[in-house]
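Predicted model only: the values in this text are computed from it and were never measured.
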Amino acid sequence: MHFTIITPLRTALEADVSSINLRGVEGEMEILPGHTDLICAVDNGELTYRITGGDEDSLFVGGGFMQVHADRILLVTDTALQADDINPDSIQEALQRAQDALRNSASVLSRAEQTKLEASIAKQLAILDYNRKRRNKH
């Protein structure tokens with residue numbers, strides 16, 4: 001299967017893979033050769049993949065959409081990070097800023113602004129969780 005991950009800034013991955021495991025908004029899923037055509041929303045979390053004939057690797061991916069068609073998989077996401085790309089201190093700082101903004105300004109924020117801050121908090125927490133799991137494996 002040919003797998004491509006695209007973010008607004010770059011092509012984060014382009015590889016031939018034998019399997020992909022990730023979190024869709026409706027739960028965990030595995031994509032194997034011959035998978036039925038699919039378009040689905042993807043949630044924040046760990047994505048693992050196995051290079052054809054090679055090792056398993058993983059990335060943190062943010063929300064986005066995935067299309068599976070004829071053993072070609074395209075994931076369009078706002079974030080794709082290798083464990084080595086994650087600076088826990090800067091993620092923790094961003095988390096703290098978002099939590100403070102939500103706590104201190106909740107009464108004056110619009111519902112859309114609150115939702116955006118809540119999504120940012122959820123993403124920062126998911127990145128820290130992924131980073132913690134990856135660091136403990138090594």
Tell me whether Asp78 is salt-bridged to Lys123, with the criterion being a basic N under 4.0 Å from an acidic carboxylate O. yes
Given the rule that I, L, V, M, F, W and Y join up when any side-chain heavy atoms are under 4.5 Å apart, are Leu13 and Leu81 in one cluster? no
Work out which heavy atom in Thr7 is nearest to a heavy atom in Ala12; give both atom names and the distance. CG2-CB, 4.3 Å
Mark yes or no for whether Asn44, through its side chain, and Ala126, through its backbone, hold a donor-acceptor pair below 3.5 Å. no
Judged by atom type as modelled, is there a donor-acceptor pair below 3.5 Å linking the side chain of Thr52 to the main-chain atoms of Asp16? yes
Check Pro88 against Asn131 and note the closest heavy-atom contact, atom names and distance. CG-ND2, 3.3 Å
Are more than 12 heavy atoms, taken from residues, nucleotides or ligands other than Glu30, located less than 6.0 Å from that residue's CD atom? yes
Minimum heavy-atom separation for Pro33 and Met1, please, with both atom names. N-SD, 3.4 Å
Between Asp100 and Arg103, does any NZ, NE, NH1 or NH2 come within less than 4.0 Å of an OD or OE carboxylate oxygen? yes
Looking at Asp55, I'd like to know if its CG atom is crowded, meaning that more than 12 non-hydrogen atoms belonging to other residues, nucleotides or ligands lie closer than 6.0 Å. no
Does Val42 belong to the same Ile/Leu/Val/Met/Phe/Trp/Tyr cluster as Tyr130, with side-chain heavy atoms less than 4.5 Å apart forming each link? no
Heavy-atom pair of closest approach, residues His69 and Asp37: ND1-OD2, 2.9 Å
Roughly how far apart are Gln92 CD and Ile127 CD1, rounded to 0.5 Å? 11.5 Å
List the steps, then state whether side chain to side chain contact (heavy atoms under 4.5 Å, CB included) holds for Leu47 with Phe3. CA-CA 12 Å; Leu47 177 146; Phe3 183 35; 3.9 Å; yes
Do you see a donor-acceptor pair shorter than 3.5 Å between the side chains of His2 and Glu14? yes
Members besides Ile6 in its Ile/Leu/Val/Met/Phe/Trp/Tyr cluster (side-chain heavy atoms under 4.5 Å): Leu74, Val76
Can you check whether Ser110's main-chain N or O pairs, donor with acceptor, with Glu113's side chain at less than 3.5 Å? yes
Gln82 and Leu59: which non-hydrogen atoms are nearest, and at how many Å? NE2-CD2, 3.1 Å
Expected output: side-chain Ser90 to main-chain Asn87 donor-acceptor under 3.5 Å: yes
Value rounded to 0.5 Å, distance of OG1 in Thr115 from CZ in Arg111: 4.0 Å
Quick one: closest heavy-atom pair of Arg10 and Ala80, and the distance? NH2-O, 2.8 Å
Is a side-chain donor-acceptor pair under 3.5 Å present for Ser18 with Tyr49? no
Out of the candidates Val68, Leu75, Ile73, only one should pair with Ile20 under the side-chain contact (heavy atoms from CB on, under 4.5 Å) rule; please name it. Ile73
